[in-house]
Protein chains: 2
Amino acid sequence: MISAFDSIAQGLQEAIDLNNGKEVAAKTHRLESVDVAELRRNLGLTQMEFASKFCISVSTLRHWERGDRTPHGPALALLNVVAKEPQAVMRALA
Amino acid sequence: MISAFDSIAQGLQEAIDLNNGKEVAAKTHRLESVDVAELRRNLGLTQMEFASKFCISVSTLRHWERGDRTPHGPALALLNVVAKEPQAVMRALA
DNA sequence: GCATTAAGTAATCCATTGGATTACAATTTT
DNA sequence: AAAATTGTAATCCAATGGATTACTTAATGC
């Protein structure tokens with residue numbers, strides 16, 4: 001849920017860095033926060049099923065859904081992939 | 001790099017749990033540890049490129065490759081997906 | 001309607017990971 | 001050989017991931 005402003009500001013900063021010949025691991029530019037509960041409901045899964053299919057612990061998922069924890073780094077990346085290519089992820093983790 | 005013995009032992013424990021009507025979020029049964037450096041080399045990427053494409057920090061990746069940190073939970077899941085469906089992940093995170 | 005089961009909320013604990021940073025070594029490129 | 005690139009290593013810190021216990025809400029079966 002990054003705002004358009006934040007996204008542009010980040011994109012601008014990265015362009016500056018690239019101009020400086022400094023390539024950063026630009027992970028935040030393409031990653032969006034994910035409404036995990038909505039994603040899960042859209043997939044028609046219970047928390048247990050989601051956690052099982054995507055190989056995370058159910059307590060972790062619950063923390064995310066309640067909003068008292070925020071997925072970061074690889075967790076956020078995984079969720080973005082789940083959101084965009086759920087079948088591929090399930091295939092890979094079956 | 002879980003051994004076959006560990007995998008079977010885990011599978012057995014899970015079968016027992018399912019028999020007890022207790023479904024666990026069975027994340028470890030299908031996840032294998034990943035030789036991250038090998039995976040990266042197989043994809044023909046530098047650390048920076050890999051970190052950028054898969055939206056993790058390069059310092060995280062380096063810790064993994066050196067073995068002083070071990071990806072866990074969502075991170076390990078992500079790496080498993082990268083190992084099995086790299087194109088899908090790259091597509092999703094482009 | 002009640003008991004049971006399933007699904008989900010919430011709080012707490014702890015280990016360690018993720019990310020950033022600095023310094024340096026090794027490798028590749030010019 | 002020098003410069004640039006790539007990768008190793010150590011350190012710091014926040015907070016996450018996972019587990020656990022207790023509880024509430026929703027669904028199911030008799």
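So that the names make sense, note that chain A is the first sequence line, chain B the second, and so on, each numbered from 1.
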Has the side chain of A/Arg66 got a donor or acceptor that lies under 3.5 Å from a partner of the other kind on the base of C/dG8? no

Side chain of A/Thr46, base of C/dA7: donor and acceptor closer than 3.5 Å? no

With the side chain defined as heavy atoms from C-beta on, B/Gln47 is closest, among D/dT20, C/dG18, D/dT8, to D/dT8

Could you pick out which residue, B/Arg69 or B/Leu45, lies toward the 5' side of DNA chain D when each is mapped onto its nearest nucleotide? B/Leu45

In whole angstroms, the gap separating C1' of D/dG17 from CG of A/Leu79 amounts to 13 Å

Between D/dG18 atom P and A/Leu61 atom CG, what is the distance in whole Å? 10 Å

Any side-chain heavy-atom pair of A/Leu43 and A/Pro86 under 4.5 Å: yes

pair B/Arg40-B/Leu61: side-chain heavy atoms closer than 4.5 Å: yes

Using atom CG of A/Asp68 as one end and atom P of D/dA15 as the other, report the distance to the nearest whole Å. 14 Å

Rounded distance (Å) that lies between atom C1' of D/dA9 and atom CD of B/Glu65: 14 Å

Can you check whether any acceptor in the base of D/dA19 is under 3.5 Å from a donor in the side chain of A/His63, or vice versa? yes

Under 4.0 Å from OP1 or OP2 of C/dG18: is there any side-chain N or O of B/Trp64 that close? yes

Check: A/Asn80 side chain, A/Val34 main-chain N or O, donor-acceptor pair, under 3.5 Å: no

Between C/dG19 atom P and B/Phe50 atom CZ, what is the distance in whole Å? 13 Å

Both B/Arg62 and B/Ala75 contact DNA chain C. Taking the nearest nucleotide for each, which residue is further toward the 5' end? B/Ala75

Hey, does A/Thr60 reach any base, or is it just sugar-phosphate, or nothing, if we go heavy atoms under 4.0 Å? base

Length of the line joining B/Met48:CE and D/dT8:P, which is rounded to integer Å: 14 Å

Nearest-Å distance for atom pair CG/P, residues B/Leu78 and C/dG18: 11 Å

From CG of B/Leu31 over to C1' of D/dG17, roughly how many Å is that when rounded to an integer? 14 Å

Do the side chain of A/His72 and the base of D/dA14 come within less than 3.5 angstrom through a donor-acceptor pair of N or O atoms? no

To check you understand the geometry: which heavy-atom pair defines the closest contact between B/Leu39 and B/Ala83, and what is its length? CD1-CA, 3.8 Å

Do B/Leu45 and B/Phe54 make a side-chain contact, defined as non-hydrogen atoms from C-beta onward lying under 4.5 Å apart? yes

Check this for me: does the side-chain of A/Ser57 come within 3.5 Å of the base of D/dA19 through a donor and an acceptor? no

